[in-house]
Amino acid sequence: MFLKGLAALPLAVPFASARATSSAGSCELKFRHTHTEERLRVAFRNRHGYIQPALQRMDWLLRDFRTGESTRMDPRLYDMLHALSLACGGDTFEIISGYRSPTTNNMLRKTRGGGVAKRSLHMDGKAIDIRLVGIDTARVRDAALALGAGGVGYYPDSDFLHIDTGPVRSWGPKSA
């Protein structure tokens, strides 16, 4: 039990300040999907916990836009996004990719060659590719690395950031 508690510690610490900041009210996120042009502004967590209808709305927004398939996304992604928004002062997240069906992931691996993992966490609802409107992506990368919670991939040529709830690791340029 002690080891399980220690394993959860890295995720608990980075979000403590984000949760404290919003404990009096709700945590809100604002999105624009770059492929579908859908927009969503939603309070996803309040002092009682996650708001299930809001999670469902975000899960649908983050569906595989190529196939229409959706999955339950890891709510810790939403906590990470909220923490990034607080840290960077940004407002709207542009969604490049959320959930990816196995079919889409295989197609992207074939057409793009490298850069698409065979067992991508996108297929498990544990990854998202984003930009934060009005904030330099390198700054968002730095804030994501400071969270110390999951994977952070920086793609400056395409100007987006990959974050996931997998093991802590990073790739891409470390400085702008």
Side-chain angles (χ1 to χ4, degrees), residues 3-4 6-15 18 27 29 31-36 38 40 42 44-45 50 52 54-85 87-88 90 93-132 137-138 140-174:
L3 292 176
K4 284 184 182 180
L6 285 178
L9 188 59
L11 283 179
V13 174
F15 301 121
C27 295
L29 288 170
F31 299 104
R32 181 182 74 82
H33 198 295
T34 61
H35 298 284
T36 65
E38 292 168 288
L40 178 63
V42 64
F44 70 95
R45 188 167 36 80
Y50 292 112
Q52 291 306 313
L55 294 180
Q56 292 168 347
R57 291 176 68 196
M58 290 188 295
D59 291 349
W60 176 248
L61 179 71
L62 296 175
R63 71 192 178 276
D64 183 331
F65 68 93
R66 291 173 179 90
T67 67
E69 295 173 61
S70 68
T71 194
R72 184 178 186 282
M73 300 296 287
D74 186 340
R76 294 177 300 165
L77 278 174
Y78 304 137
D79 288 329
M80 290 172 76
L81 292 174
H82 187 255
L84 290 174
S85 180
C88 297
F93 284 98
E94 290 183 328
I95 306 303
I96 290 95
S97 182
Y99 171 68
R100 255 190 237 146
S101 68
T103 301
T104 294
N105 201 71
N106 289 335
M107 179 272 298
L108 291 174
R109 281 181 53 77
K110 289 177 185 171
T111 60
R112 295 193 183 159
V116 178
K118 186 175 186 177
R119 268 304 306 149
S120 170
L121 289 175
H122 285 277
M123 295 190 305
D124 297 327
K126 295 182 177 186
I128 187 170
D129 297 338
I130 55 151
R131 289 185 201 104
L132 186 52
T137 307
V140 182
R141 177 220 39 221
D142 293 344
L145 290 170
L147 288 177
V152 178
Y154 177 45
Y155 299 89
D157 293 341
S158 302
D159 189 33
F160 77 88
L161 189 72
H162 166 102
I163 62 170
D164 65 53
T165 59
V168 175
R169 67 213 185 286
S170 65
W171 60 95
K174 302 297 184 234

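The figures that follow rest on heavy atoms only: side chains count, while hydrogens, waters and symmetry mates do not.
Formation of a donor-acceptor pair under 3.5 Å by the Arg76 side chain with backbone atoms of Asp74 is not found in this model. Side chain of Thr111 to backbone of Met107: a donor-acceptor contact under 3.5 angstrom is found. Counting only distance, with no hydrogens or angles, the side chain of Thr165 and the backbone of Gly150 share no donor-acceptor pair below 3.5 Å. For Asp164 (side chain) and Gly151 (main-chain N/O), a donor-acceptor pair under 3.5 Å exists by modelled atom type.
For the pair Arg57 and Trp60, the cation does not sit on the ring face, since its NZ or CZ is not both under 6.0 Å from the ring centre and inside 45° of the axis.
The shortest heavy-atom contact between Met123 and Tyr99 is O-CE1, 3.4 Å. Nearest heavy atom pair, residue Tyr78 against residue Phe44, reads O-CZ, 3.6 Å. In terms of heavy-atom proximity, Ala87 sits nearest to Ala143 at CB-CB, 4.2 Å. Heavy atoms only, all atoms of each residue included: Thr34 and Ile96 are closest at OG1-CA, 3.7 Å. Contact record, Arg63 with Ser70: CB-CB, 3.7 Å, taken as the closest heavy-atom pair. Residues His162 and Asp129 approach most closely at ND1-OD1, 3.0 Å, considering heavy atoms.
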Dump the intermediate steps for side chain to side chain contact (heavy atoms under 4.5 Å, CB included) on Val42 and Leu61, then the final yes or no. CA-CA 11 Å; Val42 64; Leu61 179 71; over 6 Å; no
Mind running side chain to side chain donor-acceptor pair (under 3.5 Å) on Tyr50 and Asp79 for me, showing each step along the way? CA-CA 10 Å; Tyr50 292 112; Asp79 288 329; 2.4 Å; yes
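Distance check: Leu108 CG to Thr103 OG1 gives 11.0 Å after rounding to the nearest 0.5 Å. Here the CE atom belonging to Met73 is positioned 11.0 Å from the NZ atom belonging to Lys126, to the nearest 0.5 angstrom. Here the CZ atom belonging to Arg131 is positioned 5.5 Å from the CD atom belonging to Glu94, to the nearest 0.5 angstrom. One distance of note links CZ of Arg72 with CD of Gln56; it measures 9.5 Å at 0.5 Å rounding. Distance check, rounded to the nearest 0.5 Å: CD1 of Ile128 to CE of Met58 gives 9.5 Å.
Each of Ile130, Val152, Ile163 was scored for a side-chain contact (heavy atoms from CB on, under 4.5 Å) with Met80, with one residue passing: Ile163. The one candidate from Thr36, Leu40, Leu62 that meets the side-chain contact (heavy atoms from CB on, under 4.5 Å) condition with Ile95 is Leu62. Among Asp64, Thr71, Asn106, the one residue that satisfies the side chain to side chain donor-acceptor pair (under 3.5 Å) test with Ser101 is Asp64.
A donor-acceptor pair shorter than 3.5 Å can be found between the side chains of Thr137 and Asp159.
Taking the six-membered ring where tryptophan is involved, the planes of Phe31 and Phe93 are tilted, since the angle between them lies from 30° to 60°.
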